[in-house]
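Every number for a ligand or one of its atoms is a count from 1 in the order of the listing.
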Amino acid sequence: MNARQGELFSNDVPEWELDAASSTPSALIAFSEPPFGPFHYRIPDELSGTIKPGMRVKVPLGKGNREMVGYCLGIEVVPLDASRLKPILESLDLQPLCTGNLLKLVDWMSKYYLTPIGQVFEATIPAGVRTQAGTRMRTLLTPAASFSFDPDGDNSTSTSSDSIMSSLPTKQRHVLQQLILACEPLTVEQLQKMSNCSSAPIQALRDRGLIEARSERVMEGEDSFSANPNKLVQPPALTADQRVALVSIREALDSSKHETLLLHGITGSGKTEVYMQAIEHTLTFGRQSIVLVPEISLTPQTRQRFQDRFGAVAVMHSHMSGPERHHQWRRISEGAAKVVVGARSAIFAPVPQLGLIILDEEHENSFKQNNVPRYHARDVAIHRASLEQIPLVLGSATPSLETYRRAITGKYKLLNLPRRIHNRPLPEVSIVDMRHERIDPNRGSLSKTLYEAMKATLRVDGQIILMLNRRGFATTIQCPACGFVVTCPDCDLPLTHHHEGSKAVCHYCDYTIATPPECPKCRFSSVRYTGSGTQRLEIEIAKNFPNSPLSRMDADSMKKPGSHERTLSDFRNGKTKILLGTQMIAKGLDFPNVLLVGVINADSALHFPDFRAAERTFQLVTQVAGRSGRGEKAGHVIVQTFSPEHPAIDLAREHDFLSFARQELEHREKFQYPPFGSIARVIVRGPDVVATEAFANVITQLSEKVRSAQGATNVRFMGPAAPPLAKLKTFYRFHIMFIADDPISLNRLLTRVQADLKPPKDIEYVIDIDPVDML
Ligand code: ADP
Ligand code: ZN
């Protein structure tokens with residue numbers, strides 16, 4: 001037998017393995033809710049050959065044979081009597097929703113993030129795809145088999161069909177003739193229109209068995225898939241630095257091997273241009289690319305650049321409707337999109353011939369999902385690229401220390417873009433020490449330096465970006481007489497006053513009340529608002545600069561679809577002069593006329609009980625500073641802080657990533673924090689504080705036992721302790737931190753702990769691997 005024949009036969013199950021009494025082909029089915037499985041189910045004869053891994057099926061579960069939807073993980077021949085397995089009832093998909101390497105990726109995620117595989121499936125396949133959003137069933141009519149579509153009528157049944165035809169009432173005969181003449185299946189509406197009749201004669205013909213009907217699922221509505229190949233923008237000639245970087249990426253692409261490359265390029269150095277030319281190269285061998293960006297809806301500009309260059313771009317973002325998502329997903333799986341640009345979950349895009357993955361702003365926390373499965377898109381991207389044997393490019397002006405260390409130790413290839421395009425200088429950054437600033441109620445949150453700089457910038461018709469990383473009007477509502485602070489009853493944290501609607505809102509659970517006009521405790525006749533948010537800043541700026549139109553960009557003002565695009569385009573075309581907002585405005589924006597960036601409070605992230613607090617602050621200040629001076633005129637940045645000597649702020653002032661990284665790595669190494677160790681966090685929550693803490697203690701005791709049994713002396717843990725959010729949405733919370741020098745020991749220990757844990761009623765726990773959030 002030659003190789004070709006071997007291939008042909010390799011899928012057939014040899015007959016001697018199919019001894020029906022002792023073994024049976026079955027499917028392994030997992031669920032997205034408890035009990036997660038997987039369990040074996042018999043494949044009934046009528047479904048034989050149609051069930052494939054990655055499809056969803058309906059199966060009976062438990063004593064009551066509750067009908068459940070499950071995911072098929074694989075087909076196996078099990079040494080079991082067929083009659084002992086329950087049968088699959090129905091297959092829900094014609095094609096697998098997930099195949100090949102994506103299936104392997106799901107499996108890896110399930111093990112690495114200690115999450116049942118059914119839940120991982122649920123996260124990787126968009127809900128709109130699972131519910132087939134934007135499609136409907138339609139009925140297609142064809143003449144019964146005894147009538148030929150062949151209008152020449154040259155077949156043996158024609159005589160009998162002639163006699164049937166002549167025996168029909170006129171209306172019905174006419175309808176049937178129209179259907180035969182159409183030579184293609186018609187919907188009921190089409191046939192009614194063609195033969196100018198009601199549905200009655202059609203139904204009569206169906207009842208007589210002269211018309212056959214079948215159902216088919218079709219897409220409906222327009223899809224937002226863009227393909228405008230007419231006016232594609234031509235790429236510019238690369239700078240020398242860009243060329244060197246591109247050569248390395250092309251080499252990786254040409255080698256058909258997996259490699260991770262870090263493109264460390266300062267803000268405005270032309271990273272996006274390098275990505276686009278790498279994608280172009282990928283297209284020359286017929287492959288598609290995935291580009292992951294932190295928040296595509298915040299950066300309509302980025303998406304436009306890809307669309308202008310490539311035309312057939314599929315965009316996936318969080319504001320998409322179910323039908324839109326489903327359309328995009330289909331177009332992607334058909335290979336119609338050259339490039340998929342999207343946020344976190346676009347890493348699961350079913351691209352058929354994936355050639356390259358790019359992850360821009362790789363340091364961003366939004367790549368980590370903060371509900372189950374708590375995956376980090378960067379780590380998933382690394383794994384997918386390695387399964388596909390393709391390169392992965394990570395890009396950032398301020399790489400995460402995890403990534404940066406791997407680059408300097410040679411695990412990743414390091415590519416540098418140390419200069420801005422056209423050698424434009426980085427903006428000069430001045431620090432205002434707020435400890436010595438005289439408060440002027442007229443200027444509000446603005447120091448004199450920032451106020452004067454704003455005036456000067458507006459005089460020369462420059463534009464200004466101001467960042468204050470707190471939304472709302474005031475962060476505390478306090479009684480000036482008794483000191484009482486209005487807090488959330490469910491989270492025990494201060495409520496934020498919102499000027500619009502005069503509401504007091506909990507930023508952790510959205511609990512909202514009307515802001516009390518007097519102290520709820522001592523009935524003093526007024527309350528004081530302290531700590532500024534973007535709403536107060538907006539009012540102050542409008543008062544101080546009445547002739548300069550401004551917009552505010554934060555989670556509250558950007559609720560309506562399309563509001564980002566509108567706000568940013570008003571700023572781009574100069575309709576607004578000042579753009580203020582939360583960290584939403586810190587990233588990715590490229591406006592050449594922004595000559596001044598002001599950071600109102602650089603310390604907002606600095607004093608968090610989180611080992612990444614300094615890194616975050618450095619990143620935020622550097623990124624927002626990078627919005628300035630991107631055009632021909634030089635830019636200026638003013639940073640207001642109470643901690644001017646803190647390295648995160650001082651080194652951001654000097655745009656000195658390398659020194660910051662060196663210092664911070666030394667610090668991390670001392671405590672074995674990432675990138676020197678792996679961490680995991682177990683969070684326990686429950687309605688009763690004593691019972692919740694008791695269960696957290698059970699976890700540490702069990703962990704201790706497992707650690708001895710496994711000899712895992714390299715794993716240590718701290719806690720249980722109350723996290724900064726000790727109460728959330730009425731639940732008390734405790735956390736335990738696990739630290740190990742390698743992720744494998746940590747995974748093995750937690751896998752064992754998870755298997756043995758039985759939380760009491762009402763108490764829940766989650767395991768967060770590689771957490772980025774310590775609240
Ligand atoms: P980054 O992604 O590093 O912030 P961009 O790719 O957005 O930088 O580039 C910054 C600006 O420079 C953009 O307006 C871009 O169009 C422009 N640019 C990038 N590369 C070139 C080039 N080789 N020649 C001319 N302009 C370029
Ligand atoms: Zn709350």
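Annotation for His499: atom NE2 does not count as buried by contact number, only 12 or fewer foreign heavy atoms lying within 6.0 Å.
For Leu417, no heavy-atom contact with ligand 1 is shorter than 4.0 Å. Here Ala237 has backbone heavy atoms under 4.0 Å from ligand 1, and that is the only part of it that gets that close. The proximity of Thr272 to ligand 1, defined as any non-hydrogen pair under 4.0 Å, involves the side chain as well as the backbone.
Among all non-hydrogen protein atoms, the one lying nearest atom 20 (N) of ligand 1 is Gln242 NE2, 3.0 Å. Ranking the protein heavy atoms by distance from atom 4 (O) of ligand 1 puts Gly268 N, 3.1 Å first. When hydrogens are left out, the protein atom nearest atom 9 (O) of ligand 1 is Gly270 CA, 3.5 Å; that is the closest non-hydrogen contact. Ranking the protein heavy atoms by distance from atom 16 (O) of ligand 1 puts Arg305 NH2, 3.7 Å first. Regarding atom 1 (P) of ligand 1, its nearest protein heavy-atom neighbour is Lys271 N, 3.6 Å.
Lys368 has its side chain out of reach of Arg344: every pair of non-hydrogen atoms, C-beta onward, lies at least 4.5 Å apart. Within the 4.5 Å cutoff, no side-chain heavy atoms of Cys522 are placed close to those of Phe484.
We find the CD-CZ distance between Glu764 and Arg733 to be 11.5 Å, quoted to the nearest 0.5 Å.
Residue Asp590 approaches ligand 1 through these ligand atoms, each under 4.0 Å from one of its heavy atoms: 11 (C), 13 (C), 14 (O). With ligand atoms numbered from 1 in the order given, ligand 1 contributes 6 (O), 19 (C), 20 (N) to contacts under 4.0 Å with heavy atoms of Glu273.
Arg378 and Ser400 form a side-chain donor-acceptor contact under 3.5 Å, judged by distance and modelled atom types alone. The closest side-chain donor-acceptor pair between Thr476 and Arg528, if any, does not fall under 3.5 angstrom. Counted by atom type alone, His636 and Ser628 present zero donor-acceptor pairs between their side chains at under 3.5 Å.
Ring orientation note: the planes of Phe695 and Tyr765 are tilted relative to one another, at an angle of 30° to 60°. In this structure, Phe306 and Phe310 have parallel ring planes: the angle between them is below the 30° cut-off, well short of the 60° mark. The aromatic rings of Tyr529 and His497 lie parallel to each other, with less than 30° between the two planes, well short of the 60° mark.
Each of Arg420, Gln623, His655, Arg627 was evaluated against Thr267; a single residue qualifies, Arg420, per the side-chain hydrogen bond (donor to acceptor under 3.5 Å, both in side chains) test.
In terms of polar-atom proximity, Leu238 is not counted as a contact of ligand 1, lacking any N or O under 3.5 Å from an N or O of the ligand. Inclusion of Ile421 in the set of residues having an N or O under 3.5 Å from an N or O of ligand 1 is not warranted.
Put simply, part of Ser269 is less than 4.0 Å from ligand 1, judged by heavy atoms. Within the 4.0 Å heavy-atom shell around ligand 1 one does not find Arg420.
The minimum heavy-atom distance between Arg243 and Leu238, with the atom names listed, is NH1-O, 3.2 Å.
Of all protein N/O/S atoms, those lying under 2.8 Å from the Zn ion (ligand 2) come to 4.
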